[in-house]
Amino acid sequence: MFVQKLQTRTFASSDEILTQMHGSQVTQRYLERHGFRYPIAVAQLDGLGLRLPPSDFSVKDVERYVGGYKVIDVIDVARQADSKMKLKEFVKYYYSPQRPKVLNVISLEFSDTKMSELVVVPDIAQKMSWVENYWPDDSYFPKPFVQKYCLMSVKDSYTDFHIDFGGTSVWYHVLWGEKIFYLIKPSPTNLALYEEWSSSPNQSEVFFGEKVDKCYKCVVRQGTTLFIPTGETFI
């Protein structure tokens, strides 16, 4: 039902809300002056401070750097339910010509693995990170790893509408393939509708994009980085 809704419905273009910028323009000074109310797309990465593996870096390479026995969270897309499996099992599934179900990996944090050495996050993400800059050195709780996530999605993968944990701002870079976001402005009205929808017992039967005045389709191509501001509802 969900994928059919996405394929048959007409969405507003993200050009109405998307800010296109050069990597060198995305600075703390810019955000302090202009705020961060709308998503920012960066196709020219020079000056962004982002370092990545080559574009031919594969899912098998992820296994090689992270370790095949690492237990990861996997989403069963049809049920939108989490389960756990070893990374090597997901890699085998990923390359299988016959997949009995659609599985999606969106929460593989790899800061404590060898793959971390291949990625440097954008300068602005480091400068604006509360965890990196303000986590107390004497805290009883260790500083969490929340900077580097690897997403691996097969065809027809999706997550339902959500706001990222803690209302955080997020950034994505598409190393290969493409990723489609459906964005909803975090207006007071939309946030109230989201709260009502997310607590509804029939949430999975209702397409939240139809409850708001506008839902924007944003296609992020290979090689592009997208910054999404706090509170934005998206899939």
Side-chain angles (χ1 to χ4, degrees), residues 21-28 31 36 39-75 82 84-95 103-154 157 159 164-166 168-179 181 220-228 230:
M21 298 182 69
H22 188 281
S24 61
Q25 297 174 311
V26 186
T27 63
Q28 184 173 344
L31 295 183
F36 185 22
I40 296 172
V42 181
Q44 299 294 325
L45 303 182
D46 296 346
L48 191 61
L50 177 62
R51 192 177 77 215
L52 298 160
S55 59
D56 61 353
F57 194 81
S58 69
V59 171
K60 289 182 178 178
D61 290 321
V62 174
E63 180 185 10
R64 183 159 61 92
Y65 278 90
V66 173
Y69 288 93
K70 184 178 179 66
V71 177
I72 62 173
D73 292 314
V74 176
I75 296 176
D82 291 335
K84 293 185 182 295
M85 66 168 55
K86 293 175 181 175
L87 177 56
K88 69 174 186 175
E89 294 171 348
F90 177 80
V91 174
K92 181 179 179 181
Y93 155 84
Y94 188 94
Y95 287 103
L103 300 180
N104 192 17
V105 173
I106 64 170
S107 57
L108 171 55
E109 217 292 341
F110 60 90
S111 293
D112 60 343
T113 73
K114 291 182 179 179
M115 197 164 79
S116 181
E117 300 171 5
L118 305 179
V119 177
V120 175
V121 306
D123 290 341
I124 189 63
Q126 297 208 43
K127 290 179 180 176
M128 303 292 282
S129 170
W130 287 10
V131 170
E132 292 301 312
N133 295 307
Y134 302 113
W135 195 268
D137 293 333
D138 59 351
S139 172
Y140 174 80
F141 300 99
K143 184 168 72 174
F145 294 125
V146 292
Q147 281 274 356
K148 299 177 180 179
Y149 287 90
C150 175
L151 283 65
M152 297 176 285
S153 305
V154 299
S157 292
T159 57
D164 266 10
F165 60 88
T168 52
S169 301
V170 293
W171 66 276
Y172 291 84
H173 178 87
V174 179
L175 191 64
W176 43 266
E178 73 175 20
K179 185 170 177 65
F181 291 87
V220 183
R221 310 291 184 187
Q222 179 172 317
T224 299
T225 301
L226 180 70
F227 296 87
I228 300 178
T230 182

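One-based numbering along the sequence shown. Bear in mind that the values here come from a model prediction, so they are computed numbers and not experimental data.
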Are any non-hydrogen side-chain atoms of F145 and F110 less than 4.5 angstrom apart? no

Among all residues two or more places apart in sequence or in another chain, which pass the salt bridge (Lys or Arg N to Asp or Glu O under 4.0 Å) test with E178? R221

Taken in chain and number order and not counting sequence neighbours, the residues that satisfy side chain to side chain contact (heavy atoms under 4.5 Å, CB included) with S157 are V77, V102, N104, S153, V154

Quick one: which residue pairs count as a salt bridge (charged side-chain N to carboxylate O under 4.0 Å, His left out) with a foot in residues 131-140, not counting sequence neighbours? E132-K143

Residues that R64 engages under side-chain hydrogen bond (donor to acceptor under 3.5 Å, both in side chains), provided they are two or more places apart: D61

Taking side chain to side chain donor-acceptor pair (under 3.5 Å) as the cut-off, I'd like each qualifying pair that reaches into residues 115-124, sequence neighbours left out, listed once. S116-K148

On a heavy-atom basis, which atom in P53 and which in V119 lie closest, and how many Å separate them? CD-CG2, 3.9 Å

For a quick test of reading the model, state the closest non-hydrogen atom pair linking W176 to S55 and the distance between them. CD1-O, 3.2 Å

Counterpart residues, side chain to side chain contact (heavy atoms under 4.5 Å, CB included), relative to P142 (two or more places apart): none

Can you name the side chain to side chain contact (heavy atoms under 4.5 Å, CB included) partners of K114, sequence neighbours left out? Y65

Are any side-chain N or O atoms of T230 and backbone N or O atoms of S169, one a donor and one an acceptor, separated by less than 3.5 Å? no

Can you sort out the partners of K127 under side chain to side chain contact (heavy atoms under 4.5 Å, CB included), two or more places apart, ordered by chain and number? Q28

Report the residues that fulfil side-chain hydrogen bond (donor to acceptor under 3.5 Å, both in side chains) with E63, sequence neighbours left out, ordered by chain and then residue number. none

Does I106 reach the side chain of T159, with side-chain heavy atoms less than 4.5 Å apart? yes

Using the side-chain hydrogen bond (donor to acceptor under 3.5 Å, both in side chains) criterion, which residues pair with S107? Sequence neighbours excluded. none

So do the side chains of V105 and C150 get within less than 4.5 Å of each other, counting heavy atoms only? no

Find out whether F90 and I72 are in side-chain contact, i.e. whether some heavy atom of one side chain is under 4.5 Å from a heavy atom of the other. yes

Considering all heavy atoms, the nearest L87-G67 contact: CD2-O, 3.6 Å

Flag side-chain contact, heavy atom, 4.5 Å: L226 against T224: no

If you measure from CH2 on W171 to CG on L50, what distance do you get to the nearest 0.5 Å? 5.0 Å

Between CG of L103 and CE of M152, what distance do you get to the nearest 0.5 Å? 11.0 Å

Return the OG1 to NZ distance between T113 and K70, rounded to the nearest 0.5 Å. 7.0 Å

Going by side chain to side chain donor-acceptor pair (under 3.5 Å), name the pairs with one or both residues in residues 84-94, residues two or more places apart or in two chains. Y69-K88, D73-K84

Ignoring hydrogens, what is the shortest heavy-atom contact between I228 and F36? Give both atom names and the distance. C-CZ, 3.6 Å

Is any side-chain heavy atom of F227 closer than 4.5 Å to one of V170? no

Taking only residues two or more places apart in sequence or in another chain, which ones pass side-chain hydrogen bond (donor to acceptor under 3.5 Å, both in side chains) with Q222? none

Within the structure provided, determine whether V42 and H22 are in side-chain contact (heavy-atom separation under 4.5 Å). no

For atom CD of Q147, decide whether the heavy atoms of other residues, nucleotides or ligands shown that lie under 6.0 angstrom number more than 12. yes

With heavy-atom distances below 4.5 Å as the criterion, would you say the side chains of T225 and V26 are in contact? no

Where do V220 and F181 land on the side chain to side chain contact (heavy atoms under 4.5 Å, CB included) test, with the steps shown first? CA-CA 8 Å; V220 183; F181 291 87; 3.7 Å; yes

Mind checking the OG-OH spacing from S58 to Y95? Nearest 0.5 Å is all I need. 4.0 Å

